[in-house]
Amino acid sequence: MTKIHVSPGLSTRENHTVSEPTESLESSRSEKLGKIEELGLDPWGQRFDDHQAIAAIRALPDDKPDGQRPRVKAAGRIMQRRGQGKTVFIDIWDWTGRVQVNMGQRQVGEQGWALTQLLDLGDLIGVEGAFGKTRMGEPTIFVEKLTFLGKSLLPHPDKWSGMQDIEFRLRHRYLDLIYNEDVLKRARNRVKIIRRMRSYLEEKGFWEVDTPTLQAVAAGAAARPFTTHHNALDIDLYLRIALELPLKRLLVGGLEKVYEIGRVFRNEGISNKHNPEFTMLELYQAYANYETMMDLTEGLIVECVKDLGGDMVLPFGDKTIEFTPPWKRQRYGDLFKEHVGVSIDAVDGITKAAQTICFPTQGKHPDVVVHHLFEEKVEEHLIGPVFVHDYPASLCPLTKRKRGEPNIAERFELYIHGMELANAYTELNDPVTQEATFRQQLAGLPEEESMAKMDEDFVRALRHGMPPAGGLGMGVDRLIMLLTNTQSIRDVILFPLLRPQ
RNA sequence: GGAGGCGUAGCUCAGCGGUAGAGCAACGGACUUUUAAUCCGUAGGUCCUGGGUUCGAAUCCCAGCGCCUUCACCA
C-alpha cells in the first residue's frame with residue numbers, strides 16, 4: 001500500500017536527507033525504522049524484564065529531592081510528544097495509565113538522543129530513570145536509559161480528538177482500546193465479571209466443562225444455526241445454538257453441578273442487542289429446581305456487582321438499577337393482571353385487551369395472545385431486577401409442570417431494565433413427555449422450517465434416568481451491558497461481526 | 001428485510017452547483033522543564049463506488065457498497 005514516488009523535482013537542499021514531499025506518511029516511518037537499525041538497535045524490540053506498571057509508578061512519591069528519587073522502569077506507547085530544543089517530553093501509556101517522560105540530550109547519551117529524534121507517536125519504548133516532578137509540577141520519569149521496543153509504521157489517530165467514527169472504531173478495535181478510555185475499562189470489567197462468575201460457581205461446587213461447538217444436530221433452543229462441513233467425514237455439521245443438551249447428558253452421567261460459559265452461534269438478525277455469536281452461561285444442578293436457580297442467579301449477579309466496586313446501585317442510561325438483594329419474585333399471572341388489568345384466564349377480557357393494541361387474536365392460542373400482551377404491556381415496567389416466575393405451561397412445553405397446577409410451568413425469567421437476562425427451569429426429566437413434546441413441536445413442519453430440532457440421542461440419554469434438576473441460561477454479554485452501562489452489545493464484545501469490506 | 005441518517009487528507013471535521021479547506025498528525029528549521037508547547041516554512045485528496053443531469057458535480061438525481069438509528073425477525 002505504500003506509495004513510493006520518485007519526483008523529478010527532488011529537493012535542492014544539501015548536506016542532509018530530506019524526505020520526498022509526495023512521500024506517504026508510512027514510508028517516512030519506514031525510513032526511521034532503517035535509521036534505528038543503523039544505530040545498531042532492534043526496531044522491533046526484545047524482552048524487557050521487570051518493568052513496572054505506570055499506575056504503580058505514579059503511586060510512588062514524586063516529591064523527593066534529586067538524588068533520592070525512586071528508580072523506575074516502564075514500557076509503553078508514545079501518545080504525545082512536546083519538543084523543547086535539547087530536551088523532549090513524551091507521554092507514554094500502558095494499560096494502567098499514562099505518565100510523562102523526559103529525555104534530555106545530556107541525560108540519555110549520544111545514541112539515546114539520536115534515537116529520541118526518530119521517535120514517532122505510536123512507537124513503543126522502554127525507559128529507566130528517576131521519578132520526580134518537573135518545575136511545572138508534572139510527575140515525570142527523567143530518562144537515563146532509553147530502549148526501543150517497537151515501531152509503528154502507520155500513523156495513529158489524532159491525539160486530541162481520538163477516534164469518533166463508530167465503524168472505524170469497530171474495525172480497528174486495537175486502536176479503540178488505546179484511544180478511548182472507556183473501551184479498555186469495559187473490557188476490564190468484562191474480564192472481572194466473568195472471572196467472578198467462575199469463582200462463584202467454583203465456591204458453590206460446580207464443575208466447569210467444555211462441550212462441543214460442532215454438532216450434528218443443533219438443538220436446545222429455537223434458533224437458526226450456522227452450517228459448516230467436515231471434509232474427512234464428508235458430513236455437514238452445525239455450530240451450536242445452545243449448551244443445554246450436552247450439559248444435561250452430564251447430569252445423567254452423575255455430574256451433579258455443571259456449567260459452561262461458552263460461545264453459541266445463531267444465524268439471525270443483528271442489532272444492538274444481538275450478535276451472531278454471543279456468550280452464554282448455562283448451568284445445571286441435580287436434585288434442585290427453579291427456586292434453587294433463583295437463589296443462585298441472585299447470588300451470582302450480586303457477587304459480580306460487588307466485585308465491580310461495591311456500589312449496589314448502578315447507572316444504566318438515564319436510569320439506575322438497584323441490585324441490593326433480595327430481588328422481587330412475582331408470578332407471571334399476577335404481573336399480567338396488574339399491568340393488563342384482566343386475569344390471565346379471562347379469555348374475553350384478554351381478547352378485548354388485545355384489540356386495544358390492534359393485535360389480531362383470531363385462530364391464536366389464548367396463551368400466545370397473553371404473552372404478546374405481556375411483552376407489550378408488562379415488560380417495560382420490569383426495571384427490576386425481578387424474577388418473573390410460573391409461566392403458562394403452553395409457552396414452555398419443555399419445562400416441568402408445577403405439582404398440582406398442570407397449566408403452570410416451573411420457569412422464571414430474570415428481567416432487568418426490561419431486558420430478559422436469564423431464563424431458568426425446573427428441567428423436564430421425563431423422556432416420554434420430552435419426546436412427545438419434541439414431536440408435537442415438529443409436527444407438520446418441513447425440516448428446514450422448524451427451528452426446534454429433535455435430538456434422538458438426547459432422549460435416549462434421558463431414558464437412562466436424569467435426576468430432577470434446575471437449569472439456568474444467562475446471556476453473559478447482556479449482563480455485562482447492564483453492569484457496565486453499555487447500550488450496545490457491540491461495545492461489550494471486542495470483535496463484533498461486521499460485514500467484510 | 002422496511003424506513004431514515006451518514007461516508008471529504010492518517011485522525012477529527014467544515015464546505016452542499018463555480019480552482020478541495022481547517023485543526024491535529026507528518027516533513028524541514030529554532031528552542032534543555034513542556035503538557036492540546038510555541039514560532040517560521042513544506043507537503044499531503046479515487047471528496048465511498050458506478051452511472052446520470054449540467055457549460056461545470058464533493059455538492060443535485062439514480063443504483064450499489066459499508067456503518068449508524070429504528071422497526072420487523074429472534075426462547
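Below, read A as the first sequence line, B as the second, and so on, with proteins coming before strands; counting in each chain starts at 1.
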How far, in whole Å, is B:U19 from B:U34 if one measures between their C1' atoms?
-> 41 Å
P-based separation of B:C68 from B:C13 [nearest Å] = 16 Å
Closest to the A:His274 side chain: B:A75, B:C24, B:C73?
-> B:C73
Counterpart base for B:C60, defined by Watson-Crick or G-U wobble contacts under 3.5 Å = B:G52
Spacing of A:Arg411 atom CZ relative to B:A75 atom C1', expressed in whole Å | 6 Å
Taking atom C1' of B:A26 as reference, at what distance in whole Å does atom CG of A:Leu119 sit?
-> 15 Å
Separation between the P atoms of B:A25 and B:G10, rounded to whole Å = 16 Å
Touch check for A:Phe278, heavy atoms < 4.0 angstrom, all strands: base, sugar-phosphate only, or nothing?
-> nothing
Contacts of A:Asn102 and A:Gly162 projected onto RNA chain B by closest heavy atom; the upstream (5') one is A:Gly162
Give one of base, sugar-phosphate or nothing for A:Glu413, where a contact means two heavy atoms less than 4.0 Å apart.
-> nothing
Of the nucleotides B:G10, B:A37, B:U33, which has the atom closest to the A:Pro155 side chain?
-> B:G10
A:Glu260, A:Glu427, A:Glu282 screened by salt bridge (charged side-chain N to carboxylate O under 4.0 Å, His left out) with A:Lys248, the one that passes | A:Glu427
When both distances are under 3.5 Å in a Watson-Crick or G-U wobble arrangement, the nucleotide paired with B:C6 is B:G66
Pick from A:Arg71, A:Arg69, A:Arg106: which one makes a salt bridge (charged side-chain N to carboxylate O under 4.0 Å, His left out) with A:Glu144?
-> A:Arg71
Flag for A:Thr87-A:Asn102: side-chain donor and acceptor within less than 3.5 Å | yes
Is any side-chain N or O of A:Arg82 closer than 4.0 Å to OP1 or OP2 of B:A37?
-> yes
Have a look at A:Phe168 and say if it touches a base, only the backbone sugar-phosphate, or nothing, with a 4.0 Å heavy-atom cut-off.
-> sugar-phosphate
Between B:C68 (C1') and A:Arg171 (CZ): distance, integer Å | 12 Å
Pick the C1' atom in B:C65 and in B:A30, then give their distance to the nearest Å.
-> 49 Å
Separation between the P atoms of B:C6 and B:C62, rounded to whole Å = 13 Å
Give one of base, sugar-phosphate or nothing for A:Arg490, where a contact means two heavy atoms less than 4.0 Å apart.
-> sugar-phosphate
Counting any heavy atom closer than 4.0 Å, what does A:Arg106 reach on the DNA or RNA strands: base, sugar-phosphate only, or nothing?
-> base
Got a salt bridge between A:Arg401 and A:Asp430, using NZ or NE/NH1/NH2 to carboxylate O under 4.0 Å?
-> no
Find the partner of B:C16: check Watson-Crick (N1-N3 plus N6-O4 or O6-N4) and G-U wobble (N1-O2, O6-N3) distances, both under 3.5 Å, and reply none if neither fits.
-> none
Using a heavy-atom cut-off of under 4.0 Å over every strand shown, decide if A:Asp165 touches base, sugar-phosphate, or nothing.
-> sugar-phosphate
Which nucleotide in B:U35, B:C67, B:C27 has an atom nearest any side-chain atom of A:Gln100 | B:U35
Please state how far atom CD in A:Gln117 lies from atom P in B:G28, giving the value in whole angstrom units.
-> 10 Å
Answer with yes or no whether A:Asp158 presents, from its side chain, a donor or acceptor under 3.5 Å of a partner atom in the base of B:G10.
-> no
Taking B:U70, B:U32, B:U34 as options, the one with an atom nearest any side-chain atom of A:Asn272 is B:U70
From the candidates B:U32, B:C74, B:A37, the one with an atom nearest any side-chain atom of A:Thr87 is B:U32
Using only heavy-atom distances, determine whether the side chains of A:Arg490 and A:Asn275 contain a donor-acceptor pair under 3.5 Å.
-> no
Mind checking the C1' distance from B:A57 to B:G51? Whole angstroms is fine.
-> 13 Å
Rounded to the nearest Å, what distance is computed from the OH atom of residue A:Tyr179 to the C1' atom of nucleotide B:U12?
-> 14 Å
With respect to the phosphate group of B:A37, does any side-chain polar atom (N or O) of A:Gln80 fall under 4.0 Å of OP1 or OP2?
-> yes
Considering only atom C1', compute the distance from B:G41 to B:U35 and round it to an integer number of Å.
-> 25 Å
Min side-chain heavy-atom separation A:Leu124-A:Arg77 under 4.5 Å = yes
Using the P atom in both, what is the distance from B:G56 to B:G44, to the nearest Å?
-> 28 Å
Between B:A25, B:C67, B:C31, spot the one nearest the side chain of A:Lys159, thanks.
-> B:A25
Please state how far atom CG in A:Leu175 lies from atom P in B:G10, giving the value in whole angstrom units.
-> 15 Å
Compare the minimum distances between each of B:A26, B:A36, B:U32 and the side chain of A:Gln84, then state the nucleotide with the smallest one.
-> B:U32
Of A:Arg135 and A:Tyr425, the one whose nearest nucleotide on RNA chain B sits closer to the 5' end is A:Arg135
Exercise: do A:Arg249 and A:Thr211 side chains pair donor with acceptor under 3.5 Å = no
B:U32, B:A26, B:U35: which one has an atom nearest the side-chain heavy atoms of A:Leu121?
-> B:A26
Using Watson-Crick geometry (N1-N3 plus N6-O4 or O6-N4) or G-U wobble (N1-O2, O6-N3), each under 3.5 Å, B:C47 is paired with none
Closest to side chain of A:Ser161, choosing from B:G66, B:U12, B:U34 | B:U12
B:A26 pairs with, by Watson-Crick or G-U criteria that keep both distances under 3.5 Å | B:U42
For the side chain of A:Arg499, starting at C-beta, report the closest nucleotide among B:U70, B:C27, B:G66.
-> B:G66
Report yes or no: do A:Tyr415 and A:His381 form a side-chain donor-acceptor pair below 3.5 Å?
-> no
How would you label the contact of A:Thr134 with the nucleic acid (heavy atoms, under 4.0 Å): base, sugar-phosphate, or nothing?
-> base
What's the OH-P distance between A:Tyr415 and B:A75, to the nearest Å?
-> 12 Å
Find the distance A:Glu138:CD to B:U34:P and express it as a whole number of Å.
-> 11 Å
Are a donor atom and an acceptor atom from the side chains of A:His371 and A:Tyr391 found within less than 3.5 Å of each other?
-> no
